[in-house]
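So that the names make sense, note that chain A is the first sequence line, chain B the second, and so on, each numbered from 1. Predicted model, so just to flag it, every value in this text is computed and none were measured.
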Number of protein chains: 2
Amino acid sequence: MEAKKTFFNLPEEKQKRVLETALEEFSEKGYEGASINLIVSKLGIAKGSIYQYFTDKKSLFLYIFDYAVELIRKTLKQVKYETREEPTFERIRRSLIAGVDFIERHPFIYRGYLKMMFEREAPFRQELLQRIRLFSSEYLTSLLVEGKEKGEIRKDVNLETMVFLLDAVMDRFLQAYTIPYLDSGLNLNQMKRPEIEGHVDEIVELIRKGIGK
Amino acid sequence: MEAKKTFFNLPEEKQKRVLETALEEFSEKGYEGASINLIVSKLGIAKGSIYQYFTDKKSLFLYIFDYAVELIRKTLKQVKYETREEPTFERIRRSLIAGVDFIERHPFIYRGYLKMMFEREAPFRQELLQRIRLFSSEYLTSLLVEGKEKGEIRKDVNLETMVFLLDAVMDRFLQAYTIPYLDSGLNLNQMKRPEIEGHVDEIVELIRKGIGK
DNA sequence: CTTAAAAATGACCGGGTAGTCATAAAGACC
DNA sequence: GGTCTTTATGACTACCCGGTCATTTTTAAG
């Protein structure tokens with residue numbers, strides 16, 4: 001387990017405050033860059049206190065990571081369930097919108113994920129990254145498999161390749177929404193709902209039909 | 001100018017060694033994480049010497065950045081020229097292969113670019129990122145515009161949206177080649193040439209025709 | 001009220017960082 | 001060989017880091 005007993009004896013709201021503060025710090029600076037000193041000073045507690053809750057920086061990080069993964073897992077599961085009767089491309093559309101909503105609700109989690117993807121220093125980086133990527137690719141794979149059964153998806157192309165393309169475009173869409181200058185002139189960054197949905201529709205349509213004439 | 005006169009008085013091979021060593025350090029650790037101490041010790045020179053060549057960490061970083069950008073610019077220009085008579089989707093295919101080759105030849109540049117995309121700390125990060133992204137999106141835009149004129153590309157869809165999709169997939173392909181666990185099960189990471197070309201062909205075909213039935 | 005257990009504290013440690021600067025070494029010119 | 005300029009050097013400064021631990025404060029039990 002990542003946290004010590006003392007941490008769980010804390011009032012729930014304080015646990016949450018610790019978690020949120022650390023999450024913000026890690027997601028903005030990355031694992032190495034995050035400062036325990038800054039976290040405790042933001043929390044207004046003594047340096048030693050955080051070491052009553054967690055054995056070290058690593059275990060604090062892993063605790064937060066687990067929390068984030070669980071949130072993502074639940075969200076994906078829910079979208080999958082809510083759209084279970086919808087056509088495949090509607091499900092893809094809804095998944096993208098859900099992604100935008102998730103980032104809106106938990107801005108630091110997605111930022112933290114992007115940070116970690118290109119860090120070498122995070123502890124167990126490879127295993128953790130694998131965990132997240134597996135979610136995403138299992139999710140998309142199941143969407144496409146069901147789509148094939150319903151006859152909405154091509155059967156003459158490698159499933160993995162289609163998952164790759166879908167994953168690439170969806171992830172980049174969310175990246176462009178989160179980070180400026182990543183959207184090739186689409187200006188998605190922090191765009192508001194009605195407009196963003198228009199772009200989602202266009203992208204999904206393009207994934208369906210391709211760019212060739 | 002980023003470097004001091006003293007730096008340019010150095011023998012060219014030493015200039016190159018400094019540049020390569022610093023590039024490696026920055027691309028592996030990011031701007032904040034990179035250590036001047038480590039760079040000079042790898043180079044076998046005194047700490048003070050590097051400050052004879054560059055005023056500070058920032059200007060060393062900017063010098064390296066400029067070098068990398070120039071390399072990318074030249075490479076894109078060349079591919080564009082070499083494929084000028086080819087059909088659009090062949091040009092896209094060739095561009096992807098050129099990307100793989102570039103990473104093979106200059107492994108630290110692409111890694112550094114990825115690092116910077118998700119760092120907050122790099123100096124002038126936004127301006128620098130914008131510079132690179134603009135290259136890429138101008139390049140893809142011109143490919144697609146010429147493709148439209150030749151009647152190979154759809155005309156009923158927003159050009160920017162097509163550029164976005166193309167950019168997303170191509171960039172992710174190179175990311176997956178560079179970093180493990182980003183490829184949704186395609187196992188692109190460090191894959192050898194004949195196989196990787198097969199995947200490129202499949203991806204490009206999918207971009208052309210879409211995943212819908 | 002007393003006592004024992006649990007939690008909070010912050011000065012302190014060893015080690016890392018970017019950058020400085022007086023001094024020494026090397027080169028260039030006559 | 002002497003003089004002046006350019007380059008190389010590394011000890012040093014001020015600051016930040018993660019983590020420790022003896023001590024104090026708070027809480028709970030009897």
Side-chain angles (χ1 to χ4, degrees), chain A residues 1-19 21-26 28-65 115 119-124, chain B residues 1-19 21-26 28-65 115 119-124:
Chain A
M1 188 45 82
E2 302 94 352
K4 289 185 180 175
K5 202 188 69 192
T6 312
F7 178 71
F8 295 112
N9 290 343
L10 253 39
E12 265 192 47
E13 57 175 73
K14 186 164 183 186
Q15 287 183 38
K16 189 134 199 167
R17 224 166 69 78
V18 171
L19 190 142
T21 306
L23 170 62
E24 183 170 345
E25 177 72 6
F26 277 117
E28 281 186 348
K29 317 265 189 72
Y31 177 75
E32 289 286 347
S35 160
I36 298 285
N37 287 2
L38 270 180
I39 291 173
V40 295
S41 104
K42 269 188 198 168
L43 283 170
I45 64 175
K47 177 103 166 250
S49 291
I50 201 94
Y51 287 95
Q52 304 267 40
Y53 308 150
F54 301 90
T55 52
D56 52 16
K57 193 182 186 180
K58 190 162 80 180
S59 67
L60 170 59
F61 175 80
L62 290 177
Y63 175 75
I64 285 159
F65 185 85
K115 249 291 155 32
E119 283 221 10
R120 313 168 84 269
E121 306 94 355
F124 313 124
Chain B
M1 186 46 82
E2 302 93 353
K4 290 185 179 176
K5 202 186 69 189
T6 313
F7 178 72
F8 296 113
N9 290 342
L10 254 38
E12 265 193 48
E13 57 176 72
K14 187 165 183 185
Q15 287 182 39
K16 189 135 198 163
R17 225 166 68 78
V18 171
L19 190 140
T21 306
L23 170 62
E24 183 169 345
E25 177 72 6
F26 277 117
E28 280 186 350
K29 317 267 189 72
Y31 177 74
E32 289 286 347
S35 160
I36 299 284
N37 287 5
L38 271 179
I39 292 173
V40 294
S41 105
K42 269 187 197 168
L43 283 169
I45 63 174
K47 177 95 169 258
S49 293
I50 200 94
Y51 287 94
Q52 304 267 38
Y53 308 150
F54 301 90
T55 54
D56 52 17
K57 192 181 184 179
K58 191 161 80 180
S59 67
L60 170 58
F61 175 80
L62 290 178
Y63 174 75
I64 286 159
F65 185 86
K115 252 288 163 24
E119 283 220 10
R120 307 177 335 108
E121 306 94 354
F124 314 123

Residue closer to the 5' end of DNA chain D, L38(A) versus G48(B) (nearest nucleotide): G48(B)
Nucleotide dG18(D), atom P - distance to CD of E32(A) in whole Å: 9 Å
Closest to side chain of S35(A), choosing from dA18(C), dC17(D), dA7(C): dC17(D)
Nearest-angstrom distance from the residue atom CD of E25(B) to P of dA18(C): 9 Å
Approximate separation, where rounding is to 0.5 Å, of L60(B) CG and Y51(B) OH: 8.5 Å
Side chain of N9(A) (C-beta onward), nearest among dA8(C), dT17(C), dA7(C): dA7(C)
Among dA8(D), dG19(D), dA8(C), the one nearest L10(B) by side-chain distance: dA8(D)
Polar pair under 3.5 Å, donor/acceptor by atom type, side chain K47(B), base dA11(D): no
I50(B) CD1 to dG19(C) C1', straight-line distance once rounded to whole Å: 13 Å
Separation of Q15(B) CD from Y53(B) OH (nearest 0.5 Å): 9.5 Å
Spacing between E121(B) atom CD and dC16(D) atom C1', to the nearest angstrom: 15 Å
F7(A) and Y63(A): CA distance, side-chain angles, deciding distance, ring-ring contact (aromatic ring centres under 6.0 Å, His included) verdict: CA-CA 11 Å; F7(A) 178 71; Y63(A) 175 75; 5.3 Å; yes
Atom of A122(A), atom of Y31(A) and distance for their closest heavy-atom approach: CA-CB, 3.9 Å
Value in whole Å for how far the P atom of dA6(C) lies from NZ of K4(A): 14 Å
Gap between atoms CG and P, on N37(B) and dA11(D) respectively (whole Å): 13 Å
Y53(A) side chain, from C-beta outward: closest of dA8(C), dT20(C), dG18(D): dA8(C)
Closest-nucleotide 5' rank along DNA chain C - winner of T6(A) and T55(B): T6(A)
Minimum-distance nucleotide (side-chain atoms of I36(A) versus dG18(D), dA8(D), dT9(D)): dG18(D)
Length of the line joining I45(B):CD1 and dT7(D):P, which is rounded to integer Å: 14 Å
Rounded distance (Å) that lies between atom C1' of dT6(D) and atom CZ of F8(B): 17 Å
dG19(C) base / K57(B) side chain donor-acceptor hit below 3.5 Å: no
Among dT9(D), dG10(C), dA8(D), the nucleotide that comes nearest once only the side chain of Q52(B) is considered: dA8(D)
Enclosure of K16(A) NZ (heavy-atom neighbours >12, cutoff 6.0 Å): no
